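Naming: A, B, ... by sequence-line order, numbering from 1 per chain. This one's a predicted model, so the numbers in the text were calculated from it and none came from an experiment.
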Amino acid sequence: MERKSLDQRAQMTDLERLRHSAAHVMATAILRLWPDAQFAAGPPVDDGFYYDVDLKHRITPEDFPAIEAEMKKETKANNIFEKIVVTREQAIKDAESGRLGGLSERPGNPSKFKLGNLEKIPAGEEITYFKNGDFIDLCAGPHVMRTGNVGAFKLTNVASAYYLGDEKNPQLQRIYGTAFKNKTQMDEYFAMLEEAKKRDHRKLGAEMGLYVMDTEYVGPGLPLWLPKGTVIVEELEKLAKETEFAAGYVRVKTPHLAKEKMYKTSGHLPYYAESMFPPMELIEGDEEKRQRELDDEYARLGKEHGEILGLGQKERAARLSEIADRLKAIGEEMGRLGERYYLKAMNCPHHHRIFAAEPRSYRDLPLRLAEYGCCYRYEQSGELFGLMRVRSLNMNDAHIYCTPEQFAAEFNAVNEMYLKYFKIFGFEKYQMRFSTSAPEGLGKKYVDEPALWKQTEDMVRDVLVSSGINYVEVANEAAFYGPKIDVQVWSAIGREFTIATNQVDFAVPKRFGLVYKDRDNTEKTPLCIHRAPLGTHERFIGFLIEHYAGNFPLWLAPEQVRVLTLGEEEPLLNYAKDVVNQLRAQQVRAEGDYGNDPIKAKIANAEKAKVHTMLVIGGRDMEAGNVSVRLHGKGNVGAKPKAEMIADILAAIRERRA
RNA sequence: GCCGGCAUAGCUCAAUCGGUAGAGCAUCUGAUUUGUAAUCAGAAGGUUGUCGGUUCAAGUCCGACUGUCGGCUCCA
């Protein structure tokens with residue numbers, strides 16, 4: 001984790017100070033129970049705080065009451081958070097004696113993480129301790145005045161975390177808690193959390209019968225869309241197809257797999273092989289062994305090639321062409337041995353090949369190829385998360401090939417498409433994040449094209465500024481092939497996700513040798529915009545479930561209308577069935593509940609299923625040519641002539657009313 | 001992938017110290033004929049995630065695996 005700057009610290013809110021102080025109080029408590037505990041970092045986070053601790057005893061939630069009791073003693077004591085300025089020499093001495101992050105000196109148990117933290121404090125910056133009671137911690141603050149200011153707290157969770165967030169470092173125990181000024185606020189927070197849990201798409205998705213994960217027969221992270229979920233999938237596709245058609249896109253369809261050569265050309269192999277499903281091999285016997293040898297050599301040379309390019313070593317150009325020749329020869333030999341097919345992890349290479357399928361003129365650009373393409377990514381098992389992070393994903397994908405002159409207008413049009421969608425769905429809490437490169441990453445993390453980076457980043461920034469979109473700029477987060485804009489949203493339980501993305505690519509079309517013939521009769525490489533405003537069905541619908549808490553607007557609702565009858569007389573049933581048939585004839589998803597349950601039970605069932613519109617039909621409705629309308633969550637809204645109600649429903653669906 | 005928790009009927013959950021696996025909802029059958037959130041009765045539903053171990057005896061204790069949950073790492 002990055003160290004907070006002094007500026008950032010000065011800007012900490014009162015609640016953050018309080019929670020940071022709560023972390024010190026917790027450390028104090030843990031030390032009273034386990035004096036040899038070593039602490040690393042203990043910052044405030046969005047909904048509380050944590051402290052990373054290295055301790056032989058494995059802390060479990062069963063230990064929480066004891067820790068909380070000690071914390072209570074510390075807040076009752078109402079000790080002052082005393083700031084102490086020390087010299088670096090003194091701090092190192094105290095860390096070595098085990099005094100830092102301790103209640104006393106601990107011979108033979110130096111404050112190893114605090115020593116590490118000390119090293120990260122730049123020379124010249126003031127080194128400070130904060131002391132409450134016997135507990136002294138290396139800390140830049142700020143804190144509340146006294147431990148008693150931490151009015152209400154609760155430990156919530158224990159997890160593990162790598163020291164400094166690096167996989168290679170030892171794992172520490174991360175104890176999470178939350179703290180508030182008083183108990184009332186804390187109670188409100190936990191009540192809100194309970195509400196949020198009810199919105200969790202995994203819970204609602206199962207209850208509403210939208211999707212299942214058949215981990216036994218299909219596999220983890222491979223959702224099966226049930227009929228009701230498929231309705232939402234198809235409504236979203238309809239929206240995308242209409243919107244994209246109007247915006248001048250053309251649709252394509254591509255297979256779910258491709259030969260190895262595709263991903264060697266795109267640059268995804270061998271470097272990203274581990275996030276792809278292993279290949280299907282159409283190779284036999286001895287040839288397989290030879291294939292492995294060639295693989296190894298290919299990987300080795302590929303790496304060397306990348307290094308030479310990255311370092312910009314012009315003097316090694318001869319070696320480069322040697323490598324290129326050898327790579328070509330390997331490719332040819334592999335072709336003779338047999339083939340390997342990979343499931344696609346992205347659609348761009350297939351689209352690039354469609355671009356390459358015909359000679360292109362500047363007159364053909366911009367060419368906007370759209371596809372709801374199904375991709376497969378072998379996400380790490382620990383990363384799978386309901387619909388939000390899966391291994392098979394249907395992307396609202398499109399690639400726009402354009403000239404540099406066309407770029408600004410195209411990029412802007414894509415952004416406007418985002419905003420149009422977000423308005424339809426009523427998204428309010430989202431963040432547009434503009435990710436740029438960093439000079440030190442050129443040739444390593446990013447393709448080594450400083451001029452193109454500057455050019456495209458300026459173009460994107462200009463579009464953002466001139467269109468007045470609210471965004472934040474993050475350096476050193478770009479894709480390896482160009483700058484991008486991600487749209488971040490937060491799930492019901494507060495996890496952050498990229499819901500949509502808009503990326504510039506000035507590198508991969510070149511690798512595929514894509515060109516168009518320009519006005520001046522020269523061949524030029526097009527710019528490519530990758531965009532997915534509706535992200536993937538999986539993540540987008542996962543998010544929509546939580547956004548609407550399962551109460552979808554009429555146009556998206558899996559079951560739009562349910563007709564509930566009062567009584568079983570033949571004429572009444574005919575009248576009710578006629579309403580359902582008229583609606584279905586107009587493509588409205590209407591069902592009938594003609595059974596003999598009491599109306600209260602039928603209503604309870606329909607409400608529980610979150611049916612958008614319920615039409616109650618009894619004898620008096622039939623006689624008047626009416627239907628009695630009840631809206632999910634809103635209750636009875638009264639009787640209406642049948643024809644009028646049907647017209648209303650059709651209009652609301654057509655307009656995709658919220 | 002790493003650390004830890006969890007896994008009982010379709011769902012939500014019980015089952016005392018290791019001693020014959022139960023309930024509500026949903027499902028099915030029958031009765032009930034109803035005006036805005038649940039009519040009554042009966043039936044059916046299980047190799048307690050899988051495999052192995054300890055024991056006279058395992059849902060319960062131990063181990064491995066799989067899945068899942070919470071984090072970490074990762075996310076072109």
Do the side chains of [X] and [Y] get close enough for a salt bridge, i.e. N-O under 4.0 angstrom?
X	Y	answer
A:Lys600	A:Glu607	no
A:Asp200	A:Lys198	no
A:Arg199	A:Glu195	no

Sugar-phosphate, base or nothing in reach of [X], heavy atoms under 4.0 Å:
X	answer
A:Pro220	sugar-phosphate
A:Gly619	base
A:Ser275	base
A:Ser266	nothing
A:Phe497	nothing

Quick one: is [N] close enough that its OP1 or OP2 comes under 4.0 Å of any side-chain N or O from [X]?
X	N	value
A:Arg202	B:rG70	yes
A:Arg539	B:rC75	no
A:Ser160	B:rC72	no

Could you tell me how far [M] sits from [N] if I compare only their [atom1] atoms? Round to whole Å.
N	M	atom1	result
B:rG46	B:rU8	C1'	8 Å
B:rU55	B:rC17	C1'	15 Å
B:rA15	B:rA23	P	15 Å
B:rC51	B:rA9	P	16 Å
B:rC25	B:rA38	P	14 Å
B:rU20	B:rU36	C1'	48 Å
B:rU27	B:rG22	P	24 Å
B:rA57	B:rU50	C1'	22 Å

task = Pull up the glycosidic torsion of B:rC17 and say syn or anti, syn being anything within 90° of 0.
result = syn
request  = May I ask you to verify whether the side chain of A:Asn636 and the base of B:rG35 hold a donor-acceptor pair under 3.5 Å?
outcome  = no
message = Between B:rG1 and A:Tyr162, counting only base atoms on the nucleotide and side-chain atoms on the residue, is there a donor-acceptor pair under 3.5 Å?
response = yes
Test: A:Arg377 cationic atom under 6.0 Å from A:Phe277 six-membered ring centre, within 45° of axis = no
inquiry  = Is any side-chain heavy atom of A:Val611 closer than 4.5 Å to one of A:Val561?
reply    = no
request  = Please answer whether the main-chain N or O of A:His201 pairs with a side-chain N or O of A:Glu546 as donor and acceptor at a distance below 3.5 Å.
outcome  = yes
ask   = Is the backbone N or O of A:His632 less than 3.5 Å from a side-chain atom of A:Lys610, with the two atoms forming a donor-acceptor pair by type?
value = no
For RNA chain B, the dot-bracket pattern of Watson-Crick and G-U pairs whose distances stay under 3.5 Å, | for other-strand partners = (((((((..((((.....[..)))).(((((.......))))).....(((((..]....))))))))))))....
Distance-only criterion, 3.5 Å: show the donor-acceptor pairs between side-chain atoms of residues 213-223 of chain A and protein atoms not counting sequence neighbours.
| residue | atom | partner | partner atom | Å |
| --- | --- | --- | --- | --- |
| A:Asp214 | OD1 | A:Glu216 | N | 3.4 |
| A:Asp214 | OD1 | A:Tyr217 | N | 3.1 |

